[in-house]
Amino acid sequence: MSGATITPVVVRLKLSLLRNGLRQSGGRKAAYIASAVFALLFAALQLIGLIALRGHAHAESVVVLAAAVLGLGWAVMPLFFPSGDETLDPTRLVMLPLRPRPLVRALLTASLVGIGPLFTLCLLIGSVVAVAEGGAAFAVGVVAVVLALLVCVALARAVAAANVRLLTSRKGRDLAVLSGLVIAIGAQVVNFGAQRLGASGLGELDPAADVLQWVPPASAIAAVHAVGEGSYGLAAVQLGLAAGALAALLAVWSRHLTRLMTSPDGSTLPAAESAARERTSTGLGRLLPSGRTGTVMERSLRYVWRDPKTKAAWVTSLAIGLIVPVFNAWQGTGSVYFACFAAGMLGIQMYNQFGQDTSAFWMVAMTISSTRDAYVELRARALALLLITLPYATLVTVVTTAMLGDWRRLPEALGLSFALLGAMLATGAWTSARFPYSIPQEGYKNVAPGQTGLAWISIFGGMIAAALLCAPVIALAIWLNVTADGDAWTWLLLPVGTAYAAALTAVGLRLAAPQTARRLPEILTAVSKG
């Protein structure tokens, strides 16, 4: 089939997939409409903001960086949101008599249909208006907008085609779940950058823009500014870079399409061999205690490594627990007490322990026949968590203290961190037994429908209780800091906080054990709903 024949067919296929997906449920339709309205509203605000930059001395730097960020977003979108567009998987068309080049043109045209391309178009138009000076610049701006948009879409398609075997495998689903980590880190980076810009002005962007103006698709937008200043040769080079990048991406995309259409799928073979090697390894088991405690600890640690949702939660907590105190210390506005954020983020992993097992919890439930069994189960899960959280919370506290140079408060900060961690282990064990909820294995939801209230009570209620349980240690820290000779005794907070944390954890486990043994049927029903 020729490109002219297949292109409208593929576009109609894209529209049909979108329409049929929205027909599946009213909730999905409402979510799509809400996200579309939000995205378009945000795009409109960005468009107005970019137009308002017109005439600003550093407008070029802003729009060049914005175009570069857009390109980066389009590059990573297929990796973290592979299920967002069913047409990203060309293997669905492998049985049809299609040639790569017509298929590339058809899929490229179909890719221009959607909220993402419209959002990108609004930002590119605003960028051109912000820097264009004169009729020639606006004329070049039309070409630049088209080139930049096509580069973004072709980049996303080329990345998706190159990684389609990964994106449709279990590792791909793991990668998609980890998108929350990227969003969390990105939010902190944006916050840090905004604070720096607020203090120093937009001139801070000039060095980065000087480099990125040669990188497509940002080079196309930079060409508009160059034409406005009369640098036609420079503009021609920058437009040529964008056109060359588009041609290269289309060639790479076409080559990967040819390979996908003609080669067998052997992507699961290495994974199977790797899984076989992992099954024969017993190195982890040798380092853990014997009996039920070691078995439960090993199972919990393997969940952290293998289960996508558990892995995503852990990696996100580890990253944010480090970023918040370190970034604040880097800006000179932090405090050693911010290091307690790491203990708090990791302590959340103790909540909903049985929900992490999902329907597999029935195998655990069969081994619990008494309060003693429940206690050993919960204690082993807490010990597995401590293997990671204790050294990590200590490391974050030491790094934060070193960046601030306030070594005198290191014992105090460690004591408070340990007390908070112990309080969260205690409340997490109890709420796991009292308010369990299911975590769906598929998709991006972390709570099964109808159990949102349980999740709020379990997590936020437990966190409030943990904060109240830490009140004695916090009160002691305040008293020692306001007392005249108290600074000489703040080191006592380390042993006091450690002992208090151990006592809280022990009491919490003792209280949660009978709840777990008595409520096994209810727990099993709750965690199996997803």
Side-chain angles (χ1 to χ4, degrees), residues 3 43 46-47 50-51 53-54 58-78 101 104-114 116-162 205-256:
Q46 292 294 312
L47 176 62
L50 288 170
I51 294 175
L53 278 175
R54 184 174 175 81
H58 303 287
E60 182 198 8
S61 299
V62 174
V63 299
V64 166
L65 282 172
V69 171
L70 275 176
L72 178 62
W74 277 92
V76 302
M77 181 185 66
R101 287 188 178 180
V104 164
R105 289 194 293 270
L107 290 176
L108 183 64
T109 305
S111 299
L112 298 175
V113 177
L118 182 58
F119 178 87
T120 304
L121 181 63
C122 290
L123 265 63
L124 292 175
I125 292 175
S127 299
V128 168
V129 174
V131 297
E133 295 291 343
F138 277 102
V140 172
V142 175
V143 179
V145 167
V146 174
L147 269 179
L149 179 60
L150 291 178
V151 167
C152 290
V153 175
L155 179 59
R157 286 290 182 173
V159 170
L205 301 177
D206 291 344
D210 291 339
V211 176
L212 292 175
Q213 68 175 335
W214 302 103
V215 179
S219 62
I221 303 301
V224 179
H225 181 264
V227 170
E229 293 189 333
S231 303
Y232 299 107
L234 175 61
V237 173
Q238 291 172 328
L239 283 177
L241 287 173
L246 177 60
L249 288 170
L250 292 177
V252 170
W253 183 11
S254 179
R255 185 168 63 251
H256 281 294

Test side-chain contact (heavy atoms from CB on, under 4.5 Å) applied to L124 and I221, step by step: CA-CA 8 Å; L124 292 175; I221 303 301; 4.0 Å; yes
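- Partners of E229 by side-chain hydrogen bond (donor to acceptor under 3.5 Å, both in side chains), not counting sequence neighbours, listed by chain and number: H225.
- In this structure, CG in L47 is found 10.5 Å from CZ in F119, a value given to the nearest 0.5 Å.
- Of all heavy-atom pairs between V224 and A137, the closest is CG1-O, 3.6 Å.
- Remark: V215 engages L212 in a side chain to side chain contact (heavy atoms under 4.5 Å, CB included) (not counting sequence neighbours).
- Identified under the side-chain hydrogen bond (donor to acceptor under 3.5 Å, both in side chains) test for residues 240-252, with sequence neighbours left out: none.
- For A75 against L155, the heavy-atom pair with the smallest separation is CB-CD2, 3.6 Å.
- The side chain to side chain contact (heavy atoms under 4.5 Å, CB included) test with V131 singles out one residue from V62, L53, V63, and that residue is V63.
- Partners of A209 by side chain to side chain contact (heavy atoms under 4.5 Å, CB included), not counting sequence neighbours, listed by chain and number: S61, V64.
- Residue pairs meeting the side-chain hydrogen bond (donor to acceptor under 3.5 Å, both in side chains) criterion with at least one member in residues 117-127, sequence neighbours excluded, are W74-T120.
- Closest non-hydrogen pair, V128 versus G141, comes out as CG1-CA, 3.7 Å.
- Here salt bridge (Lys or Arg N to Asp or Glu O under 4.0 Å) pairs that include residues 65-76, with residues two or more places apart or in two chains, number zero.
- Under the rule for a side chain to side chain contact (heavy atoms under 4.5 Å, CB included), the partners of L121 that lie at least two apart in sequence or sit in another chain are I125, V145, L149.
- Identified under the salt bridge (Lys or Arg N to Asp or Glu O under 4.0 Å) test for residues 231-245, with sequence neighbours left out: none.
- Applying the side chain to side chain contact (heavy atoms under 4.5 Å, CB included) criterion to E133, with sequence neighbours excluded, gives R54.
- When all heavy atoms are compared, the tightest approach of A59 to A130 is CB-O, 4.2 Å.
- Residue pairs that meet the salt bridge (Lys or Arg N to Asp or Glu O under 4.0 Å) test with at least one member in residues 140-156, sequence neighbours left out, do not exist here.
- If you take CD on E60 and CG on L65, they are separated by 10.0 Å, rounding to the nearest 0.5 Å.
- To the nearest 0.5 Å, atoms CG (L147) and SG (C152) are separated by 11.0 Å.
- Annotation: side chain of L108 is in contact with side chain of L250 (closest heavy-atom distance under 4.5 Å).
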Using a 3.5 Å cut-off and no angle test, enumerate the donor-acceptor pairs between side-chain atoms of residues 231-246 and protein atoms at least two apart in sequence or in another chain.
unit_1	atom_1	unit_2	atom_2	d
Q238	OE1	A223	N	3.2
Q238	NE2	Q213	OE1	3.4

